[in-house]
Every structure is written in C-alpha cells, then in structure tokens.
Student: 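First the structure, then my questions, so here it is.
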Amino acid sequence: MNWQELEQACSACTRCGLCETRTNVVFGVGRRNADVMFIGEGPGEQEDLQGVPFVGPAGKLLDDMMSIIDLNRDNSYIANIVKCRPPRNRDPQEEEQAACVDYLRQQVALIQPKIIVCLGRIAATRLIRPDFRITREHGSWIERNGVWMTAIYHPSALLRDVTKRPETFDDLLKIRQKMRELNL
Ligand code: URA
C-alpha cells in the first residue's frame, strides 16, 4: 500500500469496536521519511476531535521534549499504537491493539525510520517486548532489523509525576547521542 491507500484504509476501518465511538481516525503526523519516529498509545479527547496525535496537554509536553533534541513535527513522525480513541481514555485492549498495529507497521515500512521511540508502557510492550518494564528499562536500546528502538516515559506520566522528568531528560540526551552516532 502507498500512503494514500493506507490512509484511506485507516479512515474507513471497522476492524475493532473503537470505530463506533471515534470522531476521527488519528492517522499520524510529520515527515514521511523521518529518521526518528515517536509512538504513543492511542488518541485522547482532543486528538479524537482534531484527528491529530498529541495535541492535548501531553502533546504540548511532547513538543517541548522533542525540542530539547532539535526534533519537531516537521522533521519527525508521530503516531500511536491504536488510531481511534479508547472510550474515557482507558488503555487500548489487546484485541484493539492487535487489530490496529498492522497499520502502524505499514507506516514504519513506508517511513523506514532509523530510530523508534516508544512513549510509555503500551507502545514499549507492543513493539519492543511483551514483558518490557518501563520503570526499569526506559532509556535502554535494542536494534532490530537495522532500526534502533528505545522507550521513554509517556508525557502523560510526566504530567502526573514530575519526579520522573530528570530521568527522561537523560533519556532524551541518549536519543540525541544515538542520532549523532548514526550521523542523523
Ligand atoms: N496520548 C497518546 O498516547 N497519544 C496521543 O495521540 C495523545 C495522547
């Protein structure tokens, strides 16, 4: 599938129950040949209303976090594990993630990023390892098929608990370091 076909398939998707309550499918935003991809969990209220990922309070913080390492919505790509809002912002269920993640994999295949940053536990356990422990393993790296992957705390977690912010600052610097190593 090319971008247009993929986006059309997503906008008409009825693979899981989230299609019944969504306002908009939140496909993704950013540069379609980005070196760095950020992947969150699923749209919240503002994202559902606007059809754009990370535009609520957590999104503002994500923009600030990215800017620390000279990244933004024009030079990176931002997407989620599920493209439709789970009601009342509950975690996306296993079946919902399984139904949706193939769209994300196709986005990754089209973008061919060099670095994937998982935002929070849901993305890390889905994309890195089912038993990934975000509290212990944030900021660690694995390489898979030539793509470097890491996970950092979700910006919503950093809004709830500011004591996690210094660790995340260190993790962001590690991302910048990895970009330098890869000449990005
Ligand atoms: N939280 C997420 O994980 N994704 C969004 O797009 C917004 C908030």
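Computed from heavy atoms alone, side chains included, the values below leave out hydrogens, waters and symmetry copies. None of these values were measured; they are calculated from a predicted model. Atoms within a ligand are numbered from 1 in the order they appear, just like the ligands themselves.
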Student: Could you verify whether a donor N or O on one side chain and an acceptor N or O on the other, from His154 and Glu41, lie under 3.5 Å apart?
Tutor: no
Student: Check Thr125 against Ile122 and note the closest heavy-atom contact, atom names and distance.
Tutor: OG1-O, 3.2 Å
Student: Which parts of the protein, at residue level, reach under 4.0 Å of ligand 1 through a heavy atom?
Tutor: Gly40, Glu41, Gly42, Glu47, Pro53, Phe54, Asn80, His154
Student: Answer yes or no: is there a donor N or O on one side and an acceptor on the other, between the side chain of Glu137 and the main chain of Arg133, under 3.5 Å?
Tutor: yes
Student: May I ask you to decide if Cys84's main-chain N or O and Glu96's side chain share a donor-acceptor pair within less than 3.5 Å?
Tutor: no
Student: One thing to verify: whether Arg126 and Glu94 come together as a salt bridge, which I'm taking to mean a side-chain N less than 4.0 angstrom from a carboxylate O.
Tutor: yes
Student: Give a yes or no on whether a salt bridge exists between Glu167 and Lys164, defined as a side-chain N under 4.0 angstrom from a carboxylate O.
Tutor: no
